[in-house]
> 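Next up is a structure, given as structure tokens.
Atom set for the values below is all heavy atoms of this structure, side chains included, hydrogens, waters and symmetry mates excluded.
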Amino acid sequence: MITIVVNALKNTMLYKIFLGIFLLTVTNVEGQEIKLQESVLDSFVKLSSVEEQFKYFFKTSNKYKENSSYEWLSRIDSLIVKARATQDDNSIQHYKIIQAHIYQDVVEYDKSIAITNELYIDKDKLNKDIKIALFDIIDENYSQLKLYEKQINIRKEKKELGLINKVSFYDIYANQGLYQKARNEYIREMSNSIGEQDYYEQALYNNTIGNFLRLDKSSQVALEKYKEARKYVNTYLDTVTRHKTEDELIKGELLKGVIEGNIGKCHMLLKEYKDAISLLESSLVRIKENNVEKYSQEYIENTLDLANCYLQTNKTNEVLKLINDLKVIKQENILRKNQLLASYFQKKNDYQTAFYYQNKYIKANDSIRVNETLIKQQQLATVFEKELENSEDMLDEKRMELENAKIEAQASDERMSLILISLIFTLLGLGGLVFAYIKSIKNQRVIAKQNFIIESQLTEKDSLLKEIHHRVKNNLQMVSSLLSLQTKNTKSKSAIMALEEGKSRVKAMALIHQKLYQNDDLSVIEMQGYIESLVNSVQSVFKKGGHNITITIDAEAVELDIDRAIPFGLILNELVSNSFKYAFPDNDDDGKIYIHLRNTETGGFFEYTDNGIGLPEDTDERTKSSMGIRLMNRLVNQLQSTLNIDKTTEGVRFWFNFR
């Protein structure tokens, strides 16, 4: 009966009203009203000005997750109609740019180009923000359509209009297959412009270099670059000291998905198919979640690579549903899809269908190869011609700068001449200053002689300090040897353990003095090398127990003075020793220790984690009686900080900031 009533109401206005009320609000069992979250499109429409809407659209990631691209286009069309009704040209221009960008996102380049061409005609009337967005969209459209000559002309025009500082060609070289030249150009342009703490840009930089290496058949080297990129993007996502917006998190997750896919590609090229499958599957999930409805070349390539891995590992049942409905646009992807389908049906013993797809692949490949060879030659000639023109333009700019510098130097010489004449007349009138000048020269000679003596004394002092540090190190080693002898003559296990712990701490301090007298600069210690030596020392003691633990140290370019290095070394000695003694009782081969030390604006940040069994439940009570924890707390206090201990789902984490 209820079904009949619902069907009767389905096309009535009353049904639509009830349906709208149900979608807007949902009431729970206790009668509390739950409001649905506002979508990006709704937030966009509610903004008060077209300039705010424009900025919001371009800075927001994953715009099509809640509302499809066609819903966006429909809303933008209605806004353009309203703007035309009021003859609001400024709003029309902004909305047209957004419209062109949406068409580009959904790979309808012909429609995007039609809109941008219309705006390009009146480009002089556009403000700078619109002009930059317009040229960026045109640039990308030409890149996707392989219209490299037009792409280069657009970039040159951007430079002439002051929208960019210089014209780059590395991506065009890569599209032409000149991967080594592309990599060299990219490194030359980008290596000095990215800060060490800019983890996202560092990840993007290493991923791009990895792409050039992989495409240049250097898969093993590319794999190392991709792993470095993954380390940076993980640091970017995990760093809690800097708040990140939702868009920044989406951007980071998307880049992580791309990097994981690239690592999977390298494993596939190295025929390590099982490793490749897990990474490619993870990559597809991340890209799909954080790049809804936008065309992604990485997603297409990773899907085809995953299908190939399935074929290589005889998981044929997964292949067809993976690529059968895959929307591919680029010719090389179409060829590869046909080749994979041919291999799939061949494995299924359906030779007729396999022959059909193989024949499609051969015909398309032959046709493309004939046309592509001639086109690529013409494009390469155009690229190098434009590069030469760009170089000549840069030379002209340099000549102009030199000419201006020459004119400035002549004017400076004239000013210097006037100044010298004035000085001569001044010196003639003030003869007494000559005597003072001569006296000052004598004083300078005396000072120079004294400086020489001081420098000699400082050199001698450095030698003495090195000798002192060397002797201190030797004395500490003697203490360590005495403790070892005492250990052999002691039968009590607790006493032996205490002596071993003492010996380990003495070695940590001795290592500080050893690093100091080996270093040219006696004031600081390079921490990466020190930590590696300290960990090797501790590890050598516990190797007898059969431990096989992976230790990662990240402390490049960090230096500490002796006042901070000694407590830091003792803290690290306690942590590493505890991990070896307690964290891995089953000698787990998957044991991992991560040591992270970085300079910050206020001093430094230290983090130590392991994935062992973690701390016991009564950790707080043991803290009061444990000498190791009490020692670490006192040492951290010397560094003007507080030791933080986090219990994680897998292992434990110690961290603190210090001055």
Side-chain angles (χ1 to χ4, degrees), residues 9-28 30-108 111-112 115-116 119 127 129-130 132-134 136-137 140 243-255 257 285-296 299:
L9 289 173
K10 215 164 197 179
N11 295 318
T12 66
M13 183 60 71
L14 185 62
Y15 173 79
K16 294 177 181 178
I17 292 170
F18 277 110
L19 181 61
I21 293 170
F22 176 78
L23 290 174
L24 287 172
T25 59
V26 180
T27 306
N28 63 12
E30 298 175 355
Q32 295 175 331
E33 188 181 88
I34 303 172
K35 294 185 178 178
L36 296 176
Q37 187 176 3
E38 189 177 68
S39 70
V40 175
L41 180 55
D42 291 333
S43 300
F44 169 86
V45 173
K46 287 183 179 180
L47 293 171
S48 58
S49 69
V50 69
E51 287 79 13
E52 290 178 327
Q53 291 175 330
F54 187 79
K55 290 178 182 177
Y56 180 76
F57 176 84
F58 280 99
K59 78 172 184 178
T60 303
S61 304
N62 234 3
K63 295 180 278 289
Y64 311 122
K65 187 173 185 179
E66 294 147 339
N67 301 99
S68 71
S69 57
Y70 298 102
E71 289 179 288
W72 274 91
L73 286 170
S74 176
R75 187 62 62 92
I76 297 297
D77 284 338
S78 66
L79 291 170
I80 291 173
V81 170
K82 289 181 181 178
R84 281 177 175 160
T86 58
Q87 297 182 344
D88 185 355
D89 292 337
N90 179 53
S91 295
I92 293 172
Q93 292 165 358
H94 282 84
Y95 292 138
K96 283 283 187 183
I97 288 288
I98 294 173
Q99 196 178 46
H101 193 279
I102 296 172
Y103 279 125
Q104 186 181 83
D105 286 342
V106 295
V107 203
E108 296 190 28
K111 294 181 181 179
S112 181
I115 295 169
T116 54
L119 292 167
N127 66 41
D129 290 339
I130 298 179
I132 290 172
L134 171 65
D136 287 345
I137 294 170
E140 179 62 20
H243 172 72
K244 286 180 280 293
T245 64
E246 183 180 357
D247 288 322
E248 288 174 327
L249 289 172
I250 290 171
K251 183 175 70 170
E253 288 289 344
L254 180 58
L255 180 58
V285 172
R286 285 187 190 278
I287 294 174
K288 194 169 185 179
E289 285 179 353
N290 297 284
N291 199 48
V292 175
E293 202 169 313
K294 287 178 67 175
Y295 176 79
S296 171
Y299 186 86

> With a 4.5 Å heavy-atom cut-off, do Gln53 and Val50 have their side chains touching?
yes
> Let me confirm one number: the CG-CG distance from Leu41 to Asn67, rounded to the nearest 0.5 Å.
4.5 Å
> Using the rule given for side-chain contact (heavy atoms from CB on, under 4.5 Å), can you reason through Thr245 versus Leu249, listing the C-alpha separation, both sets of side-chain angles and the distance that settles it, and then say yes or no?
CA-CA 6 Å; Thr245 64; Leu249 289 172; over 6 Å; no
> Counting C-beta onward and ignoring hydrogens, is there a side-chain heavy-atom pair between Asp77 and Tyr95 closer than 4.5 Å?
no
> If we only count heavy atoms from C-beta on, is the Glu140 to Gln104 side-chain gap below 4.5 Å?
yes
> Tell me whether the guanidinium CZ or amine NZ of Lys63 lies under 6.0 angstrom from the six-membered ring centre of Phe57 and within 45° of its axis.
yes
> Do the side chains of Lys294 and Val106 get nearer than 4.5 Å, heavy atoms only?
no
> Locate the shortest heavy-atom distance separating Ile130 from Asn127; write the atom from each residue and the value.
N-OD1, 2.9 Å
> Around atom NZ of Lys65, are there more than 12 heavy atoms from other residues, nucleotides or ligands closer than 6.0 Å?
no
> Are the side chains of Asp105 and Tyr295 in touch, meaning some heavy atoms are under 4.5 Å apart?
no
> Would Glu289 and Arg286 pass as an ion pair if we require N to O under 4.0 Å?
no
> Is there side-chain contact between Thr60 and Phe44, with heavy atoms separated by less than 4.5 Å?
no
> Could you check if a side-chain atom of Tyr64 sits within less than 4.5 angstrom of a side-chain atom of Glu71, using non-hydrogen atoms only?
no
> State, with a plain yes or no, whether a side-chain heavy atom of Asn291 is found less than 4.5 Å away from one of Tyr299.
no
